[in-house]
Amino acid sequence: MKRYSRRDFLKRGGALGALAAATGGPVPVFPVPDTGTPFRAVASGNGFRATDKAMSVLRAGGDPLDAVIAGVNIVEDDPDDMSVGYGGLPNEDGIVELDASVMYGPTHTAGAVASLRNIKNPSKVARLVMERTDHVLLVGEGALKFARAHGFKEENLLTDKARAAWLRWKETMSDRDNWFPPRTADLPAEVRSVMSTHGTINCLALDAKGRLAGVTTTSGLSWKLAGRVGDSPIIGAGLYVDNDIGAAGSTGRGEANLQTCASFRIVDLMGRGLSPGSACLKVCEAIAEKTKLVPRLCDDQGRPKFGLEFYALNRKGEFGAAALYEGSRYAAHDGAENRLRESAYLFKRG
Ligand code: ASP
């Protein structure tokens, strides 16, 4: 893989200019979208339907929190997105454990759940933690008890496809335990397509009143240790919203994010004048730098061996995204058009 130089980066897309920022060098500037409407909805690459739905809620006069939650519910309910909600890939014991957080700009309040089992819309439970308790984060059994109290229906979230993928992983893991290796070396087609261990949806929105809201929801890293909590339900890591500045969220290896409080930092950088895309990229740089301290996480050129992506939207309606590696896309509805866009990135692949 080749490092993507700042110079290359400035060349990319033509519209990018240089900003002499407090961060000490030229960083890309993304143009302010002038679409004649203040509504915005931004999401991770798997969130095209979410931004579409969020925009329809905003246009109908809905609140941005309603908008983002309605958006991600589509993906939580979808068994074919195997990184979120129903159909999500399970932990090492074959049990689906979900994490989610919400944050609402106008009240600067947040709610989250972690390691929640049997409830397919953890984003809705996270919202209730924010709105109906004096707490911010509920985990495990307590989160499930709270969801039950609010009438959520319990169901088995493990689809056959997710179970087959898990079983394949389990049988491949060791030749010293009592599980025989897979019957065939070939990966069945239905399993092949889902063997990725990553995925999450983050969605951010801004309405005409300047209200910002965000949500992040996930089944976390597949095959994780039971009880492992990622960045998604941690305010400041997987999601952060400050109505005076902007909102940010993430997908990818949560452990790297948890140790750098990336979403908080992105919002903070936007508050210091960086554009959303530049702030995301700056945090990618910081994470790549810290990762060098942990050799097992680095490739032979000292670059992170994992993926991480960030999404940001500021209160003016500017938005952007950046990833550690090229090839990542994000969904953004700018009020006029919903489309998947290329994220900026730090390193080229190959
Ligand atoms: N960020 C999620 C987690 O670490 C996983 C992902 O987005 O791939 O739980």
Side-chain angles (χ1 to χ4, degrees), residues 42-47 50 68 72 75-76 78 80-93 95-103 112-117 122-123 126 137 139-140 143 157 162 165-166 169 193-204 214-240 248-266 280 283-284 287 290-291 294 297 304-312 321-325 327-331 343 345:
V42 175
S44 40
N46 56 348
V68 291
V72 301
V75 181
E76 285 176 334
D78 180 357
D80 289 329
D81 189 312
M82 303 187 69
S83 67
V84 179
Y86 176 65
L89 291 172
N91 66 16
E92 65 172 355
D93 299 330
I95 296 169
V96 181
E97 291 192 331
L98 305 178
D99 295 341
S101 62
V102 301
M103 190 156 185
V113 289
S115 299
L116 176 64
R117 299 180 176 187
S123 61
L137 174 60
V139 306
L157 303 180
W166 169 79
W169 169 80
S193 60
V194 301
M195 289 311 276
S196 149
T197 58
H198 283 274
T200 292
I201 179 166
N202 165 249
C203 187
L204 311 168
V215 59
T216 303
T217 173
T218 188
S219 51
L221 299 183
S222 57
W223 335 137
K224 61 192 176 185
L225 298 187
R228 177 264 186 189
V229 173
D231 56 331
S232 307
I234 304 302
I235 299 302
L239 178 69
Y240 193 68
S250 79
T251 60
R253 184 182 150 82
E255 280 70 9
N257 187 354
L258 282 167
Q259 293 169 142
T260 47
C261 303
S263 292
F264 176 81
R265 285 170 75 169
I266 291 166
C280 291
V283 167
C284 287
I287 288 172
K290 292 291 187 200
T291 304
V294 189
L297 294 175
K305 280 200 274 188
F306 54 83
L308 202 49
E309 303 85 29
F310 298 108
Y311 317 94
L324 289 177
Y325 288 100
S328 172
R329 297 200 295 172
Y330 69 108
S343 300
Y345 57 90

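Remember, it's 1-based here, ligands and their atoms both numbered in the order they're listed.
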Quiz item: Of the listed options (Glu97, Arg228, Lys224), which comes nearest to atom 4 (O) of ligand 1 when hydrogens are ignored and any heavy atom counts?
Solution: Arg228
Quiz prompt | Test salt bridge (Lys or Arg N to Asp or Glu O under 4.0 Å) applied to Glu255 and Arg228, step by step | solution = CA-CA 10 Å; Glu255 280 70 9; Arg228 177 264 186 189; 2.8 Å; yes
Exercise. Start with the C-alpha gap between Val229 and Ser115, add the side-chain angles, then the distance that decides, and say whether side chain to side chain contact (heavy atoms under 4.5 Å, CB included) holds.
Key: CA-CA 6 Å; Val229 173; Ser115 299; 3.6 Å; yes
Practice problem: Would you mind running through ligand 1 and noting each atom that sits below 4.0 Å from a heavy atom of Gly252? | Solution: 1 (N), 2 (C), 3 (C), 4 (O), 5 (C), 6 (C), 7 (O), 8 (O)
Quiz prompt | Polar atom proximity, Glu255 to ligand 1 (N or O, under 3.5 Å) | solution = no
Quiz prompt | Test item: side-chain donor near acceptor, Glu309 and Ser328, under 3.5 Å | solution = no
Quiz item: Is Asp99 in polar range of ligand 1, meaning some N or O pair under 3.5 Å apart?
Solution: no
Exercise. Look at the aromatic rings of Tyr330 and Tyr311 and report parallel, tilted or perpendicular, splitting at 30° and 60°.
Key: tilted
Quiz item: Going through the checks in order, is the side chain to side chain contact (heavy atoms under 4.5 Å, CB included) test met by Ser83 and Thr200?
Solution: CA-CA 6 Å; Ser83 67; Thr200 292; 5.6 Å; no
Self-check item: Atoms of ligand 1, numbered as shown, that sit under 4.0 Å from any heavy atom of Gly230
Solution: 9 (O)
Exercise. Would you mind running through ligand 1 and noting each atom that sits below 4.0 Å from a heavy atom of Thr251?
Key: 7 (O)
Practice problem: Measure from the side-chain N and O atoms of Asp231 to the backbone N and O of Ala237, and report whether any donor-acceptor pair falls under 3.5 Å. | Solution: no
Self-check item: Test of proximity, Gly254 against ligand 1: N or O pairs below 3.5 Å
Solution: yes
